[in-house]
Amino acid sequence: MSKPTIVVMPGDGIGRVVTDEAFRVLLEAGFDAQLVTAEIGWSCFVRDGDPLPSRTIELIREHRIGFLGAITSKARSAAEAELAPPLRGRGIVYRSPLLTLRQRFDLATCVRPARTFPGNPTNFVRRLADGTIEEPPLAITVFRQNTEGLYSGVEWSDPPAAVREALALHPLFAPFRNLGGRDLAIAVRIVTREGCRRILDDAFRYAERDRVPTVTLSEKSNVLRDTSGLFEEVARDVQREHPGIKLKTVAIDALLLELTRRPEEHPVIVASNLFGDIVSDAVAGLTGGLGFACSANLGRDVAIFEPVHGSAPHHAAFPVPIANPCAAILAGCLLLDHLGDTEISGRVRRAVAAVVAERRVRTYDMLRLAASPDAPSRGAATTRAMADAVIARLGAS
Ligand code: IPM
Ligand code: MN
């Protein structure tokens with residue numbers, strides 16, 4: 001197999017350090033790849049007015065596999081104020097380049113596999129009626145539709161007249177008709193049969209391969225009759241092609257409640273974009289937190305892997321980085337799986353599991369400490385120490 005080239009986009013804030021540490025671990029584990037670094041994020045936006053340089057897009061188009069650290073996003077007014085002075089007042093609007101990448105490369109499937117690592121004190125626990133506490137091992141994979149829904153980007157503050165007229169075709173728009181100017185903002189939830197089909201196909205195939213008996217579709221069809229209705233209709237079609245797998249349809253609000261009680265009943269969850277965003281954070285909270293949450297954005301030609309966490313700009317200024325690198329390391333494992341390097345990814349995952357099980361090296365999040373510069377003096381491992389511990393375990397596992 002020829003050596004793959006990975007487009008590495010460290011991005012902003014803690015994205016940089018966790019990316020460095022993740023690749024240090026992967027290379028130590030024997031991953032043989034050419035790495036090209038590409039710029040992305042807030043620093044590009046502030047400098048050039050564009051968070052996604054065209055060179056980065058070209059590199060991804062050419063090499064087709066990317067790794068993203070994290071990106072800072074700020075509100076519209078803050079974005080304008082931080083732009084380089086010559087760029088201000090030109091109506092330049094910030095949009096997360098992650099969303100642009102997902103749409104530009106048609107990365108329609110977002111897979112977020114979460115599992116508990118025994119020994120992590122932040123794992124989900126349940127108190128039984130007799131007062132005993134149990135900690136069920138969890139493995140929950142969220143399949144999030146990644147390009148449509150409320151993330152379509154079709155949004156207006158002060159919608160133009162033609163949009164208002166079109167909306168007035170709907171009788172239920174009547175109460176909003178006379179709202180003028182910026183008193184009205186509209187976002188469009190776009191759901192396509194093709195988009196539903198792709199995410200559901202991926203989820204059912206995964207369930208079949210991993211012998212998972214059920215797929216849970218989490219929509220809200222009692223309210224969003226047309227958009228969620230289409231999702232559920234396609235889910236029933238896809239289920240018929242996989243008679244061995246049961247389809248559970250649970251409304252998103254009910255699912256979040258069930259996840260707080262019996263999360264093991266939903267090993268594979270499919271959701272539209274925003275619901276998938278929300279439910280994947282909830283699942284992360286049950287399985288060790290964002291310090292362990294990894295993500296794959298998959299298209300037909302391109303795949304981009306990332307930790308789910310953000311850039312945590314306030315951490316980035318700490319003299320010694322304290323972010324948990326495990327999410328980035330596990331995102332690296334997804335990248336290796338994608339390339340077929342499962343021997344190495346398996347070894348890295350076992351090394352992470354061994355470090356957590358040893359209960360000696362723990363980052364601040366695992367100790368439930370505040371993210372503060374003095375976390376190491378309270379017993380928290382630094383980013384580097386955690387990565388070192390994983391590397392030390394590579395051989396042993
Ligand atoms: C995620 C993040 C992104 C999202 C943000 C950073 C745009 O929360 O990947 O879950 O909302 O999709
Ligand atoms: Mn999110």
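In this text, all values refer to a predicted model and were calculated from it rather than measured experimentally. Note that ligands are numbered from 1 as they come in the structure, with each ligand's atoms numbered from 1 the same way.
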Less than 3.5 Å apart, any donor N or O on the side chain of T56 or E58 sitting next to an acceptor on the other? no
Plane angle bin for H315 and F318 - parallel if under 30°, tilted between 30 and 60°, otherwise perpendicular: parallel
Close residues (non-hydrogen atom under 4.0 angstrom from ligand 1) work out to L99, R102, R112, R144, Y151, D277
Pick out which of D301, L98, V302 makes a side chain to side chain contact (heavy atoms under 4.5 Å, CB included) with L107. V302
Going by salt bridge (Lys or Arg N to Asp or Glu O under 4.0 Å), name the residues that satisfy it together with R384, two or more places apart in sequence or in a different chain. E21
Residue pairs fulfilling side-chain hydrogen bond (donor to acceptor under 3.5 Å, both in side chains) with at least one residue in residues 108-120, sequence neighbours excluded: T109-D202, R112-S280, R112-S295, N120-T122
Do T72 and S311 have side-chain N/O donor and acceptor atoms under 3.5 Å apart? yes
Listing protein N, O or S under 2.8 Å around the Mn ion (ligand 2) gives D277 OD1
Taking atom types as modelled and ignoring hydrogens, do the side chains of N273 and E148 form a donor-acceptor contact shorter than 3.5 angstrom? no
Test item: W156 and L184 side chains (from C-beta on) under 4.5 Å apart, heavy atoms: no
Does this structure show an ion pair linking E39 with R55, if we count only N-O contacts that are shorter than 4.0 Å? no
